[in-house]
Amino acid sequence: MEIARCLLGKMLVCEGVGGLIVEVEGYVGQEDPACHASVGRTLRNEAMWGLPGHAYLYFTYGNHWMLNVVTEPEDYPAAVLIRAIQPIFGLELMRERRRLHLLKSKPDDRHLTNGPGKLCQALALTGELNGLSLQSERLFLAEAASGLALPSSEIVETTRIGITRGVDRPWRYYIKSNPFVSYPN
DNA sequence: GGGCTGATTTGCT
DNA sequence: GCAAATCAGCCCG
């Protein structure tokens with residue numbers, strides 16, 4: 001889970017649109033009942049068994065793509081789900097893609113990227129990018145401007161959400177008091 | 001602001 | 001067939 005914590009505060013950019021990672025969850029190994037790899041190696045979760053530093057993208061609930069960062073060496077399935085980012089670049093494009101103005105609720109930039117499905121829509125991340133390196137032209141993960149790691153006093157550790165198995169493991173991390181975190185405590 | 005529910009497609013048993 | 005690492009709308013207060 002060390003890597004999950006390190007990803008907080010890092011910059012994620014896809015074709016000029018992106019922001020700072022503010023919320024993540026770790027899914028580790030076949031023994032983790034919430035990890036997609038718990039069912040073994042399949043076509044869907046193949047990318048998780050691949051090289052670290054690459055993307056694992058999957059589709060769920062009929063509408064949503066989810067972005068994960070593969071974290072362990074080849075043949076050990078583990079990844080960190082990016083649950084929320086703070087928008088920095090390409091705000092206008094994000095607003096267009098999210099179509100907040102068409103929703104009933106009042107437009108609020110927090111709704112651009114405060115959830116794993118929302119941020120994929122805002123950055124236009126789909127299965128097309130599955131398995132891609134996170135140091136590629138299109139999709140890029142970089143150090144935050146300061147280059148400094150976040151002090152642990154700024155990180156909140158809780159249980160993962162939106163799952164039905166392995167709910168006890170405290171592998172969700174987010175930046176304290178950040179307005180773009182989904183379901184802050 | 002919080003809780004509940006329907007939507008909708010894919011991958012896997 | 002069914003469950004799913006979600007989201008938005010609706011109701012309530």
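Protein chains get the first letters and strands the later ones, always in sequence-line order, with residue 1 at the start of each. Because only heavy atoms are used, hydrogens play no part in the values below, and waters and symmetry mates are left out as well, while side chains stay in. Note that the structure is a prediction, hence the values are computed from the model and not measured.
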Looking for any heavy atom pair under 4.0 Å, which part of the strands does [X] touch: base, sugar-phosphate only, or nothing?
| X | value |
| --- | --- |
| A:Arg99 | nothing |
| A:Leu81 | base |
| A:Arg160 | nothing |

Looking at [X] and [Y], does any basic side-chain N land under 4.0 Å from a carboxylate oxygen?
| X | Y | value |
| --- | --- | --- |
| A:Arg160 | A:Asp32 | yes |
| A:Arg110 | A:Asp108 | yes |
| A:Glu15 | A:Arg138 | yes |
| A:Glu157 | A:Arg172 | no |

As an exercise, state the distance from [atom1] of [X] to [atom2] of [Y], rounded to the nearest 0.5 Å.
| X | Y | atom1 | atom2 | value |
| --- | --- | --- | --- | --- |
| A:Leu57 | A:Thr126 | CG | OG1 | 7.0 Å |
| A:Leu141 | A:Ser136 | CG | OG | 10.5 Å |
| A:Leu119 | A:Ile21 | CG | CD1 | 9.0 Å |
| A:Ile175 | A:Glu154 | CD1 | CD | 8.0 Å |
| A:Leu7 | A:Met1 | CG | CE | 11.0 Å |
| A:Cys6 | A:Leu150 | SG | CG | 10.0 Å |

Donor-acceptor side-chain pairing of A:Glu31 and A:Ser38 below 3.5 angstrom: no

Modelled atom types, side-chain donor and acceptor of A:Arg97 and A:Gln121, under 3.5 Å: no

How long is the line joining [atom1] of [X] and [atom2] of [N], in whole Å?
| X | N | atom1 | atom2 | answer |
| --- | --- | --- | --- | --- |
| A:Leu112 | C:dA8 | CG | C1' | 15 Å |
| A:His111 | C:dT6 | NE2 | C1' | 15 Å |
| A:His101 | C:dA8 | NE2 | P | 14 Å |
| A:Leu100 | C:dA8 | CG | P | 8 Å |
| A:Leu103 | C:dA8 | CG | C1' | 7 Å |
| A:Asn68 | C:dT6 | CG | P | 11 Å |

Heteroatom pairs (N/O) under 3.5 angstrom, protein to nucleotides 11-13 of chain C:
none

Face-to-face contact A:Tyr58 to C:dA5 six-ring, under 5.5 Å, under 30°: no

Contacting residues from residues 118-130 of chain A, given that a heavy atom lies under 4.0 angstrom of DNA chain C: A:Lys118

Any donor-acceptor pair under 3.5 Å from A:Glu25 side chain to A:Tyr173 backbone: no

Residues in contact with DNA chain B, drawn from residues 174-185 of chain A - heavy-atom cutoff 4.0 Å: none

Distance test, side-chain N/O of A:Arg172 to OP1/OP2 of C:dA5, below 4.0 Å: no

Paired stretches of DNA chain B - 3 or more consecutive Watson-Crick or G-U pairs, each distance under 3.5 Å: B:1-7 with C:6-12, B:9-12 with C:1-4

Side-chain heavy atoms of A:Val69 within contact of A:Ile82, under 4.5 Å: yes

Shared-cluster residues of A:Leu81, by chain and number - hydrophobic side chains joined below 4.5 Å: A:Tyr27, A:Met48, A:Trp49, A:Tyr56, A:Tyr58, A:Met66, A:Val70, A:Ile163, A:Val167

Reading 5' to 3' through nucleotides 1-13 of chain B, protein heavy-atom contacts under 4.0 Å coded B for base, S for sugar-phosphate only, - for none: -------BBSSS-

Closest non-hydrogen atom pair between A:Leu139 and A:Ala55, with its separation: CD2-CB, 4.1 Å

